[in-house]
Protein chains: 2
Amino acid sequence: MHSNKRKRLEAKGWKVGDAKKFLGLSPEEEAYVEIKLSLSESFRAQRLRRKMTQSDAAKLLKSSQSRVAKMEAGDSSVSLDLLVRSILALGVSGKRLIQSLSTRKSSPAA
Amino acid sequence: MHSNKRKRLEAKGWKVGDAKKFLGLSPEEEAYVEIKLSLSESFRAQRLRRKMTQSDAAKLLKSSQSRVAKMEAGDSSVSLDLLVRSILALGVSGKRLIQSLSTRKSSPAA
DNA sequence: GCATTATATGTCAGATATGACATAACATTC
DNA sequence: GAATGTTATGTCATATCTGACATATAATGC
C-alpha cells in the first residue's frame, strides 16, 4: 500500500496502522472501501462548498447531524446508497458525482 | 425524456409508460435510479461474459439465485452496496467499474 | 476562562435489505 | 411434449442500516 493511501485511511479512523485485518483486505474489499471513502470526502467537500453545517445538511436530507458526521467519517454503518443519495440531494449531478470518483487523487478508479 | 431512455427503463419493469410517478421523479431521484440500472446491466454483462449462470454467480457471492435475478432486474429491494460489491466480486476493478458508469450509452454520467 | 457553535461518538427502536426457499415462466434438446 | 436447465417472482425470518437522542469533544469569539 502506498503511504499516502494509508494516511488517508488512517485519518478516517480505519486504524490501518495496527490492522492486519485491513492489510489482509482482498482487492475487491479494498476497492469497495475506497469508493466509500471517496464518496464520503465528496459529500463533505460539497457540503462545505455550500457553507452548510452538518445540521443544515441533515435538515436538507431529512436525517440527523450524527448520521451526517458518520457519513463524513466513512463509518462502516453508512451505506453507499445513503452516500450517493445524499450527494445527489446536495445538487450534484449524476455526471459530476461519477466524474468525482474518476478524477480524485487516490481515486478508486486510479 | 428521450425515448431510448424510456425504453431502457420500461424494459426493466419500471412501467414508465403509465407512471406519473416516474415522470415526476426529481432529477436526483432519476440520477439515483439510473445509476442503479447502470450497475444492474454491468453486473449482468460481466456475469455473461464469464459464462456463469445466475446460480453460479450466487454461489460465488454467497447469495441466492433469486437475489441475483432481482439484482439484474433492477429490483428496488436491491441496494447499491450489493450491486457494487457483486460487480467487484466478479473481478472487475474499481477503476473499470467506475469507467463503465461513465462510458455507457444512456449513462447516468451522460 | 467560559459561552456558543460545530462536529464526533455511542446507543437503540424501527425501517429496509438480505439470503433462502418455493414455485412459476422460459428456453433448449430430445 | 417431456425432461432439463435457466431465469423470474413472491414471501419471510433475520441481518443490517437509519434517524433520533444523549453526550462528548473540538473550535471560535469574547
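Below, chains carry the letters A, B, ... as their sequence lines are ordered, and counting in each starts from 1. The analysis underlying the following values was restricted to heavy atoms, covering all of them including side chains, and did not include hydrogens, waters or symmetry mates.
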So if I take every side-chain heavy atom of [X] and compare against [options], which nucleotide ends up nearest?
X: A:Gln54; options: D:dT18, C:dG19, C:dA8; result: C:dA8
X: A:Ser55; options: C:dT7, D:dG19, D:dT18; result: C:dT7
X: A:Arg44; options: C:dT18, C:dA8, D:dG19; result: C:dA8

Could one point to a donor on the side chain of [X] or the base of [N] with an acceptor on the other under 3.5 Å away?
X: B:Glu72; N: D:dA8; value: no
X: B:Lys51; N: D:dT6; value: no
X: B:Ser66; N: C:dC21; value: yes
X: A:Lys70; N: D:dG19; value: no

(request) Look at the side chain of B:Asp81 and the backbone N and O of A:Ser79, then say whether any donor-acceptor pair between them is shorter than 3.5 Å. (result)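 Judged by distance alone, no pair lies under 3.5 Å.
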(message) I want to check something: taking the side chain as every heavy atom from C-beta on, are A:Leu80 and B:Leu83 in contact at a cut-off of under 4.5 Å?
(response)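 Sidechains of B:Leu83 and A:Leu80: no contact.
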(message) Nearest heavy atom decides the nucleotide; on that basis, is B:Arg47 or A:Ser79 closer to the 5' end of DNA chain D?
(response)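 Counting from the 5' end, the first nearest nucleotide belongs to B:Arg47.
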(request) Let me know, please, whether A:Gln65 or A:Arg85 comes out on the 5' side of the other along DNA chain D by nearest nucleotide. (result)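 Nearest nucleotide further toward 5': that of A:Arg85.
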Within this structure, what is the [atom1]-to-[atom2] distance between [X] and [N], rounded to whole angstrom?
X: B:Asp56; N: D:dT7; atom1: CG; atom2: C1'; answer: 13 Å
X: B:Lys62; N: C:dG19; atom1: NZ; atom2: C1'; answer: 13 Å
X: B:Met71; N: D:dT9; atom1: CE; atom2: C1'; answer: 16 Å
X: B:Arg67; N: C:dA22; atom1: CZ; atom2: C1'; answer: 15 Å
X: A:Asp81; N: D:dT16; atom1: CG; atom2: C1'; answer: 12 Å
X: B:Asp75; N: D:dG10; atom1: CG; atom2: C1'; answer: 11 Å
X: A:Leu80; N: C:dA17; atom1: CG; atom2: C1'; answer: 14 Å
X: A:Tyr32; N: D:dT16; atom1: OH; atom2: P; answer: 12 Å

(message) Could you report the tightest heavy-atom contact between A:Leu88 and B:Tyr32, atom names first, then the distance?
(response)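 So the minimum-distance heavy-atom pair works out to CD1-N, 3.7 Å.
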(request) State, to 0.1 Å, how close A:Leu97 and A:Leu39 come at their nearest heavy-atom pair, and which atoms those are. (result)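 For A:Leu97 versus A:Leu39, the nearest heavy atoms are CD2-CD2, 4.0 Å.
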(request) Assign each of A:Thr53 and B:Leu82 to its nearest nucleotide of DNA chain C by heavy atoms, then name whichever residue's nucleotide is nearer the 5' end. (result)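 Closest to the 5' end, via its nearest nucleotide, is A:Thr53.
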(message) Once you apply a heavy-atom cut-off of 4.0 Å, does A:Ser63 come out as touching a base, just sugar-phosphate, or nothing?
(response)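 Result for A:Ser63 = sugar-phosphate.
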(request) Pick base, sugar-phosphate or nothing for B:Val68, based on heavy-atom distances below 4.0 Å to the nucleic acid. (result)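 Here B:Val68 touches no strand at all.
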(message) Less than 4.0 angstrom from a charged side-chain N to a carboxylate O is my criterion; do A:Glu29 and B:Arg85 meet it?
(response)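 Salt bridge: no.
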